[in-house]
Amino acid sequence: MENRTPLRLAVVQPRCVPRDVATNARTHAAAVRAAGARVVVFPELSLTGYELDAPVVPVDDPRLVPLVEACAETGTVALVGAPVAGDHIAVLAVTGTGVTVAYRKMWLGADEADRFRPGEAPVVLDVDGWRVGLAVCKDTGVTAHAERTAALGIDVYAAGVLESARDASVTDQRAHRIATAHRVWVAVASFAGSTGGGYTEAAGRSGVWTPEGKVLARAGTEPGESVAVTLPDTVRNAAG
């Protein structure tokens with residue numbers, strides 16, 4: 001860990017056109033270029049919107065090429081939300097070399113369970129020696145998810161979420177709990193604007209929390225906003 005460099009991290013709440021993966025991928029690509037970050041986190045189902053009947057997005061989907069190209073230009077790992085075969089609500093890891101299914105949401109909402117299946121295990125990505133645990137929305141409210149993810153050894157807990165504006169405080173409460181319980185950075189990309197599932201006004205307010213539970217950076221409530229921070233190199237808490 002002695003040679004690990006600080007991590008530039010961004011959380012983005014992009015504008016989203018329902019079910020229009022091609023347009024949304026281009027929007028994601030522009031956000032990646034603007035962020036100038038090594039890791040960029042996007043909200044739950046960011047490539048389709050919260051449209052539970054949206055078709056799955058294959059990892060070799062040509063509509064994702066602009067996003068892959070943007071990641072190649074910037075050296076970014078983009079963590080984006082999409083439905084994938086299985087059926088699962090997933091986090092896709094996009095790099096300059098392609099797209100992989102990085103994580104499948106483990107805890108589903110009631111309506112989601114009508115179509116999707118829960119993922120089986122927590123996932124941690126290694127990015128330049130930084131251990132990034134992945135989560136999607138309801139996962140963040142389940143204590144066992146953070147515990148199982150942290151047990152794998154993490155520096156950052158990164159989540160893509162969707163909350164209504166009236167429930168904006170839920171994200172803050174969960175992020176603070178996870179950060180302080182496991183002494184990790186918490187990065188949350190929160191959907192802004194309107195989307196399916198009755199979310200006519202999503203919360204936005206994407207942010208990054210310190211291991212002490214303090215808000216380091218915060219976006220506003222409008223689509224298109226983002227924040228980027230540089231996480232200093234620290235020694236990981238071996239206890240998780």
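Being a predicted model, the structure only gives us computed values, none of them experimental.
Within the 3.5 Å criterion, the main-chain N or O of S206 finds a donor-acceptor partner in the side chain of Q13. A side-chain donor-acceptor contact under 3.5 Å links E51 to the backbone of G196. Not a single donor-acceptor pair under 3.5 Å links the side chain of R26 to the backbone N or O of P66. Here the side chain of D139 pairs a donor or acceptor atom with the backbone of M106 at under 3.5 angstrom.
Within the 4.5 Å cutoff, no side-chain heavy atoms of C137 are placed close to those of P43. For the pair W185/L9, no side-chain contact is recorded, criterion being any heavy-atom separation below 4.5 Å from C-beta on. Using a 4.5 Å heavy-atom cutoff, the side chains of E212 and R183 are in contact. R131 places a side-chain heavy atom less than 4.5 Å from the side chain of D155.
Every ring pair (Phe, Tyr, Trp, His ring centres under 6.0 Å) that Y199 has, sequence neighbours left out, goes to Y50. Annotation: ring pair (Phe, Tyr, Trp, His ring centres under 6.0 Å) contacts of F191 (sequence neighbours excluded): none. Contacts of A168 classified as side-chain contact (heavy atoms from CB on, under 4.5 Å), with partners at least two apart in sequence or in another chain: A203, R205. In this structure, E120 has no side-chain contact (heavy atoms from CB on, under 4.5 Å) partners at least two apart in sequence or on a different chain. Checked against salt bridge (charged side-chain N to carboxylate O under 4.0 Å, His left out), D60 has no partners two or more places apart in sequence or in another chain. Partners of H28 under the ring pair (Phe, Tyr, Trp, His ring centres under 6.0 Å) rule, at least two apart in sequence or in another chain, are F42. Qualifying side-chain contact (heavy atoms from CB on, under 4.5 Å) partners for A34, counting only residues two or more places apart in sequence or in other chains: none. Considering only residues two or more places apart in sequence or on other chains, R63 meets the side-chain contact (heavy atoms from CB on, under 4.5 Å) condition with V21, A22, D61.
Taking a 4.5 Å side-chain heavy-atom cut-off between Ile, Leu, Val, Met, Phe, Trp and Tyr, the cluster of V56 contains only that residue.
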Distance-only donor-acceptor hits, side chain of residues 141-150, under 3.5 Å, sequence neighbours excluded:
residue: H145; atom: ND1; partner: Y157; partner atom: OH; Å: 2.8
residue: H145; atom: NE2; partner: Y103; partner atom: OH; Å: 2.9
residue: T149; atom: OG1; partner: H145; partner atom: O; Å: 2.8

Under 3.5 Å, which donor-acceptor pairs do the side chains of residues 68-85 form with other protein atoms, sequence neighbours left out?
residue: E73; atom: OE1; partner: R33; partner atom: NE; Å: 2.8
residue: E73; atom: OE1; partner: R33; partner atom: NH2; Å: 3.4
residue: E73; atom: OE2; partner: R33; partner atom: NH2; Å: 3.0
residue: T74; atom: OG1; partner: A70; partner atom: O; Å: 2.8
residue: T74; atom: OG1; partner: T76; partner atom: OG1; Å: 2.7
residue: T76; atom: OG1; partner: A37; partner atom: O; Å: 2.7

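Rounded to the nearest 0.5 Å, atoms OG1 (T195) and CZ (R19) are 9.0 Å apart. With rounding to the nearest 0.5 Å, the separation of SG in C16 from CG in N24 is 4.0 Å. Between the CG atom in D53 and the OG1 atom in T48 there is a gap of 9.5 Å [rounded to 0.5 Å]. In this structure, CZ on R8 lies 14.5 Å from CG on D128, to the nearest 0.5 angstrom. Separating the CD1 atom in I89 from the CZ atom in R104 is a distance of 13.0 Å, to the nearest 0.5 Å. The CH2 atom of W130 lies 8.0 Å from the OG1 atom of T5; values are rounded to the nearest 0.5 Å.
Nearest heavy-atom pair, A93 versus A102, reported as atom, atom and distance to 0.1 Å: CB-CB, 3.8 Å. The two residues A202 and L162 come nearest to each other via the heavy atoms CB-CD1, 3.8 Å. A219 and V227 make their closest contact through N-CG1, 3.6 Å (heavy atoms, listed as atom of the first residue, atom of the second, distance). Closest approach of P14 and T27 over heavy atoms only: CB-CG2, 4.0 Å. Between P6 and T230, the shortest heavy-atom distance links the atoms CB-CG2, 3.6 Å.
The list of side-chain hydrogen bond (donor to acceptor under 3.5 Å, both in side chains) pairs with a residue in residues 215-229, not counting sequence neighbours, reads D172-R218.
In the hydrophobic clustering of this structure, V170 does not group with I178; members are Ile, Leu, Val, Met, Phe, Trp, Tyr whose side-chain heavy atoms approach within less than 4.5 Å, directly or through other members. Residues V41 and L92 are members of separate hydrophobic clusters, defined by side-chain heavy-atom contacts under 4.5 angstrom among Ile, Leu, Val, Met, Phe, Trp and Tyr. Hydrophobic clustering (side-chain heavy atoms under 4.5 Å, transitive across Ile, Leu, Val, Met, Phe, Trp, Tyr) groups L47 together with V32. Note: the hydrophobic cluster containing L64 also contains V40 (ILVMFWY, side chain heavy atoms under 4.5 Å, direct or indirect links). Both V11 and L134 are part of a single hydrophobic cluster, where members link through side-chain heavy atoms under 4.5 Å apart.
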Step-by-step side chain to side chain contact (heavy atoms under 4.5 Å, CB included) determination, V161 to T171
CA-CA 8 Å; V161 310; T171 297; 4.2 Å; yes
Tell me, with the steps shown, if H182 and I154 meet side chain to side chain contact (heavy atoms under 4.5 Å, CB included).
CA-CA 9 Å; H182 303 289; I154 63 172; 5.6 Å; no
After noting the C-alpha distance and the side-chain angles of K105 and H88, does the key distance pass the side chain to side chain contact (heavy atoms under 4.5 Å, CB included) rule?
CA-CA 7 Å; K105 184 177 183 179; H88 298 280; over 6 Å; no
Working note: E112 + K138, criterion salt bridge (Lys or Arg N to Asp or Glu O under 4.0 Å); need CA distance, chi angles, decisive distance, verdict.
CA-CA 11 Å; E112 296 167 1; K138 189 175 180 179; over 6 Å; no
